[in-house]
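Accompanying notes for the structure given below.
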Amino acid sequence: MASRWIAFIALLWELQFCVCREVTLPAGPLYRVAGFSLSLPCAVSGYEGPRAQDFEWYLYREDAGGRQIGVVSTQDAGFPYAPFQSRVQVGEVRVERDSGDKARLIIQRLRPDDQGRYECYTPSTDTRFQGNYSSSVVVKVIPDTLLITHSRILSGQPVIEGTELQLMCAASVQSDQHTHVSVVFGVRSSKGAESQGHNLREIISIDRELRVTPGRSGAYGKRYGDGEIAVEKRRGDGGWDLYALKMSALAPEDSGSYFCEAAQWIRDPDGKWEHIAQRTMELGNLTVQPLADTLSVRLLPDGDVSLRPGAPLRLRCQVLGVGAWKRSALLVQWMRRGPEGEVEVEVVRVDPDGVVVWGDDLSRAGGGSMEKEAGGSFSLRLFSVHPADAGLYRCAVSVYAGRKTPAPESPATITQRSEWVTVSLKTEEVRVSASIGLPRRPLLKRGSTVTLLCNISVQTTGASRVEVQWLQEPARKDAALSEDSRGCLLATLSYDGLTLIYSNGSSLSVDRVSAGCFRLRIFSAAEEDQGHYQCRAEVWAQDPRGGWYNTGAKAESVTVHLYLYARVTDLLLLPLVIGVSSALFVGVLIIATVTCCFMNRLARQRSRIRK
């Protein structure tokens, strides 16, 4: 009796801890679409023997009364039954190994009569027959109802960089099963046509759960984040769903053959989503021409421009090859360089948001405007040109392709400049000279009023005025005076009579004494007013419109030296100060000497008394 209990306990122990063969397949039923592939994984575990296990597949059709049909085997080439022999020979039906004990049945194109219960059997390599050696799953083959079409495709005509692109395709599924649809827009690059697998790029997609995902290749992620690429789903008529792709600014690398791909998905009993059908619709070819090949900036008139002072100036910047004006922002600048090749300066600009900003006060002084005209032209108008407006002009155009309002730090797609146009002025000859002097009078002393006169001579045929500047180079004890130094500006008497005083701590005044004589007065002149003085003259002329402009004619006088002598009271005060100082010094010296002698004598007397 005891031996029976021991045997029973040993059997329970063996059943609990033994390793038994187990074959597993996905839970069913599995719904797959006719005409598309079936991938059925099978795994075996708990076996004895070699790592590489063999697999045999059987089909039990619903209309065959439970009759077993051999499909394919890993160890016997003659295993397939007649319905599958030809399909196995061409590779349409096959077994693919994931590892030694994992393999999957592949049927590339399902047929309606492939529906049934599939069994995966693993021949035994065990020393004892334990566990299960096969597993089965039901596969349902449903009709292919996935449809795809287009409602907007490419015309095949080249477009310019920065153009907006809109494509649309529609998808529909009529299935008794609960399935979802995903849509992908992509492009096959026109380069490298011999390697189709490497030049296909996904642009953007809507997955089975309506999540939008930009393509991984290229810069689609950044462009999606910047709002330049978008896709949306809309409900159409007759059960169709519409999918629209929008690319706001095409780039040259966007050239290629575009397509729309729709996929049907179903959720298997194990919770995993399976891709069961797919359709692709070609949307046409697209060629994006770079702006560098199409953009043209031309300045009109082509030749040089010669005007008289006061005449209006009109220059036109013609911009061609930008594409859709409403889709690309432009920055247009008018630049000017002096006739002698000075540094290029900005006269005026119109920002991408349409704001006109004047950058050159000389051109703005005569009045002007910057306007956008029809046909992609921008005109610069100066109502009354002056000699300061003469020089070389050109326009520079920066294009922000596909961006209406670019960020301040964003770079332009391309910038092109026109050729230079020379604008010259026919002016009357003007001659001017200037001289400076001090009126003859007694010696100039500190504290007195100093007067300097500047005499100016102008020779011209038209009305003219003179603007006078007074300059000083203070006297320095540590350096020699420079006759050609510019000095510091003390005062200006403008051509229209406006007085400007740049104080140096002294009280000054400037005025016009007569037609050609101008005066500078220094009240209560002090030592710091000493130095070299100079006057400068600039001639202004009147244009036919009545405005005044600087002719550019200038003259500088030689320098005159101003020295101030000390006053009589200062000269009398000096000896008095010196005398008083000397008397005090002598008195202090005498008192100190007497005191010293007295103290020495007193010390000797005390020494004798002690002895």
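From a predicted model like this one, the values you see are computed outputs, not experimental measurements. Residue numbers count from 1 along this sequence.
- SG atoms of Cys517 and Cys454 are separated by 2.5 angstrom or more, inconsistent with a disulfide link.
- Residues Thr492 and Thr499 fail the side-chain proximity criterion, which asks for heavy atoms closer than 4.5 Å.
- In this structure, the side chain of Thr287 does not engage the main chain of Ser255 through any donor-acceptor pair within 3.5 Å.
- For the pair Leu508 and Phe523, the minimum side-chain heavy-atom distance is 4.5 Å or more.
- Looking at Ser457, its side chain never comes within 3.5 Å of a backbone N or O of Val432 through a donor-acceptor pair.
- At least one side-chain heavy atom of Ile148 sits under 4.5 Å from a side-chain heavy atom of Cys260.
- Judged by the 6.0 Å distance and 45° axis criteria, Arg337 is positioned over the aromatic ring of Trp420.
- Between Val305 and Leu313 the shortest side-chain heavy-atom distance falls below 4.5 Å.
- Remark: side-chain polar atoms of Asn550 are paired, donor with acceptor, to backbone N or O of Gly552 under 3.5 angstrom.
- Side-chain contact, Asp207 with Ser182: no donor N or O sits under 3.5 Å from an acceptor N or O.
- Evaluated for a side chain to side chain donor-acceptor pair (under 3.5 Å) with Arg536, the options Glu467, Glu556, Gln469 yield exactly one hit, Glu556.
- Arg446 forms no cation-pi arrangement with Tyr565, by the criterion of a distance under 6.0 Å to the ring centre and an angle within 45° of the ring axis.
- In Glu419, the CD atom is not crowded: 12 or fewer heavy atoms of neighbouring residues, nucleotides or ligands sit closer than 6.0 Å.
- Side-chain contact check for Ser172 and Asp241: no donor-acceptor pair (N or O, by modelled atom type) lies under 3.5 Å.
- The shortest distance between side-chain heavy atoms of Val560 and Leu452 falls below 4.5 Å.
- Separation of atoms SG (Cys535) and CH2 (Trp470) is listed at 5.0 Å; rounding is to 0.5 Å.
- Within the 4.5 Å cutoff, side-chain heavy atoms of Arg316 are placed close to those of Glu373.
- Taking the six-membered ring where the residue is Trp, Tyr495 and Trp548 present tilted rings, their angle falling between 30° and 60°.
- Thr422 places none of its side-chain heavy atoms less than 4.5 Å from the side chain of Tyr393.
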